[in-house]
Amino acid sequence: MLSLLGSVVLLATLGIAGSTPTCYVGINGNPALCVTCNGSCTPSSGCKCATSLSSCLPDPQTCPMNSTSCCLPNLSWYPDLACCIEEPYCTPACLADEVCQYVNNTPACAANATYYQSLGLSVNNVSSTVSCKGANMTISVEKNLLEALHYNPAASTLSQYNCTGAVLDTLQGQHVYSLTVQTAEGTCGNTMTKNLSHVSFTNYINIPGLITNGIITTGNISIQFSCSYNITMQTSLYTVFKPVMITENLNTGGTGVDAGATLAAYVNPTYTNPMQQSQQEDLPIGSTVYFGMTTQFPDPAFVLRVEQCFATPTKDGTGSLKITLIQGGCAIDNGPYIEVVENGKSKEVRFSVTSFAFQGYNTVYIFCNARLCSIASGSCSKCSSSREASLETVQFGLGPFTFQENIDYSASNQKGLSVTLLFGSLLCLWIQLISEML
Ligand SMILES: *[C@@H]1O[C@H](CO)[C@@H](O)[C@H](O)[C@H]1NC(C)=O
Ligand SMILES: *[C@@H]1O[C@H](CO)[C@@H](O)[C@H](O)[C@H]1NC(C)=O
Ligand SMILES: *[C@@H]1O[C@H](CO)[C@@H](O)[C@H](O)[C@H]1NC(C)=O
Ligand SMILES: *[C@@H]1O[C@H](CO)[C@@H](O)[C@H](O)[C@H]1NC(C)=O
Ligand SMILES: *[C@@H]1O[C@H](CO)[C@@H](O)[C@H](O)[C@H]1NC(C)=O
Ligand SMILES: *[C@@H]1O[C@H](CO)[C@@H](O)[C@H](O)[C@H]1NC(C)=O
Ligand SMILES: *[C@@H]1O[C@H](CO)[C@@H](O)[C@H](O)[C@H]1NC(C)=O
Ligand SMILES: *[C@@H]1O[C@H](CO)[C@@H](O)[C@H](O)[C@H]1NC(C)=O
Ligand SMILES: *[C@@H]1O[C@H](CO)[C@@H](O)[C@H](O)[C@H]1NC(C)=O
Ligand SMILES: *[C@@H]1O[C@H](CO)[C@@H](O)[C@H](O)[C@H]1NC(C)=O
C-alpha cells in the first residue's frame, strides 16, 4: 500500500503543470459584472443584480465570502486571483489519488478513476482500519478505491442496517469513511465474546453498491472487524447489559480538560464483574458490594481520591439518617464492614462494604465525594480531613441497593436456631437432673 501511495504522489506532481487559469468574464457581457448592475453577494443566494435579481459575476477582489458561493454553477473560486474560473478548483486541495471535478455543479474531490483503473485493483484490495478507543470502536474504509469500484461507502452501515452515519475523514493521507459504534453487546449488531482475561466485540461494515439510474451494479461488501480489551474495572462495564454505575465530571479547576469519572458497583473482589441493575434490588443480606471508581483524566500528575462516602435510606442523600463509610479518605473507625482497598494512589479507587454495615435499613443509597489530587501534595493517600487548598469534590450517588433475606441463608439460620434451642433445653434438663440429685 505504501508503494502505491508513492506512485500516486509522483503522478500528481507531474500532473500539476497546466495552463494558468483566468477569471471568467462571461460571454458578450452575459452575465453582467456585479459592478455594472449594483449587485451584491450573499452566502445563501450568491451574487445578484440590485434590480433585476438576475445573477451577476463578482469582480476580482469583490466577493465578500472569498469562496465558491460567489460563483455561478460550474465555476470555481480561485483564491490567487480572487475571482471565479471555469476549471474545477477545490479548496482544500484534493488528495493525490483524487481529481477535482464538478459534482452537482460545484467543485468536489472525487476518485481519479483513470488512475484506479490503471492499477487494476479489485474488491480484494480494499483495506480497512480499526481503532479501539475507550468505549468506542471505529472502522474506516478507503473512500476512493471503493468509489472507483462503484461502491457507495458514504452509505455504509453496520451489521444492523439502521446503524448509518459514515463520516468523511482523512487517515494517513487518504480519504476514508468511518463508522463508530459503542462497545456494548447487541448495539448495532455487536457480538461479544469473553474469556478470563479479555473481552472482544465483533461487528461488520456493510458497504452497498452504487445505484446508477436505478441499477445496482455491484453486490454489497462486508468487512468484519473487532476490538479486544483487557478486562479491567473500566472495560468490564462494557460486558454487562445495564451496569449499576454513575458518571460525573470531576472538577479540574477550570482547565476544560475532560475529567469524566465513573463509580460502579461490582459483585466480585477483583472488580471485574459489574453488578447489573436487575440484581441491585435483590441482594442477599450479608453480601459484600464492591465499589470502584475510575477516571480517564490524562494528566499523570494527578490521582483519584475519594474524600468521603456515606449511605442513607433516601434518594437525595439529604436525610438525617446517615451512615458514614469513608471520612478523610479512609474507612470510618476501621469499621469491620468497610474496607478501603485503594484510594489516592492511581486513577482507580476501590472499596467494599458488607451489607451488615446497614443493619436496620433494607434500602440504601451510597454517596461519595471525589476529587483529583495532585501527587505533589504528598497527601493523596493519607487519612486526613485537611483543609489544604485543593480542588472541590464532586458527589456521585448510586442506588437504591435493597437487601433481601436470602432463602438459603434464613433456612440455615433457622437450623442454627433450633440446634441452639435443643442444646438449651438439654442443658436445662441436665441442670434439673443435677439439682434433683443434690
Ligand atoms: C446600490 O445598492 C445599494 C444597496 O445595495 C443602494 O444603497 C444604492 O443606492 C444603490 N446604488 C445605485 C446607483 O442604484
Ligand atoms: C476576503 O479577502 C479580502 C482580501 O483578499 C479580505 O480583506 C477579506 O477579509 C476576506 N474575507 C473573508 C470573509 O475571508
Ligand atoms: C454543469 O456542467 C455539467 C457537465 O458539464 C452540465 O451537465 C450541467 O448542465 C452544467 N450545469 C449548469 C447549471 O450549467
Ligand atoms: C489521474 O490519473 C491519471 C492516470 O494515473 C493521471 O494521468 C492523471 O494525471 C491523474 N489526474 C490528476 C488530476 O491527478
Ligand atoms: C490486489 O489484490 C490482489 C488479489 O488479492 C493481489 O494479488 C494484489 O497484489 C493486490 N494489489 C495491491 C496493489 O495490493
Ligand atoms: C465515543 O463516541 C461518542 C459518540 O458516538 C462520543 O460522544 C464520545 O466522545 C466517544 N468517546 C471516545 C473516547 O472517543
Ligand atoms: C435499529 O433497529 C433495531 C430493531 O430493528 C432497534 O432495536 C434499534 O434501536 C435501531 N437502532 C437505531 C440506531 O435506530
Ligand atoms: C482471550 O481472548 C483474547 C482475545 O480474543 C486472546 O488474545 C487470548 O489469548 C485469550 N486468552 C485465553 C486465556 O484464552
Ligand atoms: C445491501 O445493503 C443494504 C443496506 O445498505 C441492504 O438494504 C440490502 O439488503 C443489502 N443487500 C444484500 C444483497 O445484502
Ligand atoms: C493488557 O494486559 C497485558 C498483560 O496483563 C499487559 O501487558 C498490557 O499492557 C495490557 N494492555 C492494556 C491496553 O492495558
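Along the sequence shown, the residues carry numbers beginning at 1. Every number for a ligand or one of its atoms is a count from 1 in the order of the listing. Excluded from the calculations below are hydrogen atoms, water molecules and symmetry mates; all remaining heavy atoms, backbone and side chain alike, are included.
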Task: Residue Ser200 vicinity, atoms of ligand 8 by number, heavy atom under 4.0 Å - done: 4 (C), 5 (O)

Open item on the list: Distance under 4.0 Å to a non-hydrogen atom of Ser228: what atoms of ligand 8 satisfy this?
Closed with: 4 (C), 5 (O)

Open item on the list: As a test of the contact definition, would atom 7 (O) of ligand 8 count as having a protein heavy-atom neighbour under 4.0 Å?
Closed with: no

Task: Nearest protein heavy atom under 4.0 Å from atom 2 (O) of ligand 8, yes or no - done: yes

Provide, to 0.1 Å, the distance between [atom] and the closest protein heavy atom, together with that atom's residue and name.
atom                    : value
atom 9 (O) of ligand 9  : Tyr161 CE1, 3.9 Å
atom 10 (C) of ligand 9 : Asn220 ND2, 2.4 Å
atom 4 (C) of ligand 9  : Asn206 ND2, 3.5 Å

Would you say the side-chain atoms of [X] pair up with the backbone N or O of [Y], donor to acceptor, closer than 3.5 Å?
X      : Y      : value
Ser200 : Ser228 : no
Thr218 : Gly209 : no
Asp258 : Phe297 : no
Asn190 : Phe201 : no

Open item on the list: What I want to know is whether Thr157 and ligand 9 share at least one N or O pair that is separated by under 3.5 angstrom.
Closed with: no

Task: Centroid-centroid distance, Phe401 to Phe291, less than 6.0 Å - done: yes

Task: Exercise: do Ser355 and Tyr337 side chains pair donor with acceptor under 3.5 Å - done: no

Open item on the list: Any donor-acceptor pair under 3.5 Å linking the side-chain atoms of Ser178 with those of Thr138?
Closed with: no

Open item on the list: Is it the case that over 12 heavy atoms from other parts of the model lie below 6.0 angstrom from the NZ atom of Lys347?
Closed with: yes

Task: Leu121, portion touching ligand 5 at heavy-atom distance under 4.0 Å - done: side chain

Open item on the list: Under 4.0 Å from a heavy atom of Asn125: which atoms of ligand 5 are those, numbered in the order shown and with their elements?
Closed with: 1 (C), 2 (O), 3 (C), 8 (C), 10 (C), 11 (N), 12 (C), 14 (O)

TODO: Give the numbers and elements of all ligand 5 atoms closer than 4.0 Å to a heavy atom of Asn124.
DONE: 5 (O)

Open item on the list: Regarding atom 11 (N) of ligand 8: of the candidates Leu196, Thr193, Asn195, which has the closest heavy atom?
Closed with: Asn195

